[in-house]
Amino acid sequence: MEKGSKIQKWREDRQQAFELLYERMFRDDSMEDLYEDAFHARDMQLSDYAKEVVEGIEAHIQEMDALIEAHLKGWKKNRIAKVSLAVLRLAVYEMKYMPSIPVSVSINEAVRLAKSYASDKDGAFVNGVLGSVAKALDGEEK
């Protein structure tokens, strides 16, 4: 697979994960129901990456949210747009639990998603929060 097509595949997988995370905020169904609906309603063939991330975030949701909230300056988690929160959860999970993905890639892709689904202001907000989280996580490793 060529580099450009690999990047495109990663972006599609990440977008699937984002869409599932966002949808999860509005539903209390099982993960299987969520996956099944994504397949039937949107003809989405879920990637292993998307499932791994969504299930990982589900398993560590309190930890993800605490880490995000600790790096919000003057904000509370419940005031963040749901699009931004889904993007932040995705990126923070990658940064903390997927060391094969460079932190800079997680941040850049999160900003791209936030700008695509919300606005440039959301992209800047996500960038700021993730930059702070990245510094904190880097400090934990040393």
Side-chain angles (χ1 to χ4, degrees), residues 1-138 140-141:
M1 191 181 283
E2 291 180 32
K3 185 178 179 181
S5 57
K6 280 185 180 179
I7 291 171
Q8 185 60 35
K9 172 77 171 111
W10 271 107
R11 283 189 169 161
E12 289 169 6
D13 292 351
R14 197 175 267 116
Q15 185 165 330
Q16 281 184 356
F18 161 75
E19 289 174 9
L20 290 169
L21 289 168
Y22 182 74
E23 187 174 347
R24 184 77 175 138
M25 292 180 181
F26 299 96
R27 297 179 54 179
D28 222 9
D29 301 336
S30 72
M31 296 307 288
E32 286 306 313
D33 287 343
L34 190 68
Y35 297 157
E36 196 172 306
D37 288 350
F39 176 75
H40 291 296
R42 296 188 300 274
D43 198 29
M44 190 183 283
Q45 299 290 328
L46 294 175
S47 68
D48 291 338
Y49 165 85
K51 288 181 181 178
E52 177 186 347
V53 168
V54 170
E55 291 169 13
I57 291 170
E58 189 84 3
H60 298 280
I61 193 78
Q62 280 101 4
E63 180 186 3
M64 297 292 97
D65 286 354
L67 192 51
I68 290 166
E69 196 149 27
H71 296 278
L72 298 175
K73 294 174 177 64
W75 287 78
K76 293 285 184 206
K77 185 189 83 170
N78 63 350
R79 288 192 55 224
I80 300 173
K82 292 205 184 309
V83 166
S84 293
L85 183 56
V87 168
L88 287 167
R89 285 175 173 165
L90 172 60
V92 169
Y93 183 81
E94 284 183 352
M95 292 161 64
K96 187 151 177 74
Y97 292 103
M98 302 181 98
S100 64
I101 300 174
V103 169
S104 61
V105 170
S106 295
I107 293 172
N108 289 339
E109 290 298 311
V111 170
R112 187 186 62 76
L113 279 169
K115 287 179 175 180
S116 294
Y117 285 91
S119 71
D120 286 346
K121 284 184 178 181
D122 292 90
F125 174 76
V126 164
N127 189 49
V129 173
L130 293 177
S132 181
V133 170
K135 287 178 187 169
L137 290 175
D138 189 42
E140 282 180 10
E141 294 172 7

How many angstroms lie between [atom1] in [X] and [atom2] in [Y], if you round to the nearest 0.5 Å?
X	Y	atom1	atom2	result
Glu36	Asp29	CD	CG	10.5 Å
Ser132	Leu72	OG	CG	9.0 Å
Leu34	Glu19	CG	CD	11.0 Å
Ile68	Leu88	CD1	CG	5.0 Å
Met25	Leu20	CE	CG	12.0 Å
Ser84	Lys77	OG	NZ	13.5 Å

Listed partners of His60 passing ring pair (Phe, Tyr, Trp, His ring centres under 6.0 Å), at least two apart: Tyr97
Distance-only polar pair, side chains of Tyr117 and Gln15, donor-acceptor under 3.5 Å: yes
With heavy-atom distances below 4.5 Å as the criterion, would you say the side chains of [X] and [Y] are in contact?
X	Y	value
Val87	Leu113	yes
Arg11	Arg112	yes
Ile107	Met95	yes
Lys9	Ser47	yes
Lys115	Val126	no
Glu94	Glu109	no
Val53	Arg14	no

Short side-chain to backbone donor-acceptor contact, Arg89 and Val54, under 3.5 Å: no
Asp122 side-chain N/O to Ala118 backbone N/O, donor-acceptor pair under 3.5 Å: no
For Glu12, all residues meeting side-chain hydrogen bond (donor to acceptor under 3.5 Å, both in side chains), sequence neighbours excluded: Gln8
Candidate pair Glu58 and Arg24, rule side chain to side chain contact (heavy atoms under 4.5 Å, CB included), full reasoning: CA-CA 9 Å; Glu58 189 84 3; Arg24 184 77 175 138; 2.8 Å; yes
Lys82 to Tyr22, cation-pi by 6.0 Å centre distance and 45° axis angle: no
Nearest heavy atoms of Ala50 and Asp13, plus distance in Å: CB-O, 3.9 Å
Test side chain to side chain contact (heavy atoms under 4.5 Å, CB included) applied to Met98 and Tyr49, step by step: CA-CA 11 Å; Met98 302 181 98; Tyr49 165 85; 3.8 Å; yes
Candidate pair Gln16 and Lys51, rule side chain to side chain contact (heavy atoms under 4.5 Å, CB included), full reasoning: CA-CA 9 Å; Gln16 281 184 356; Lys51 288 181 181 178; over 6 Å; no
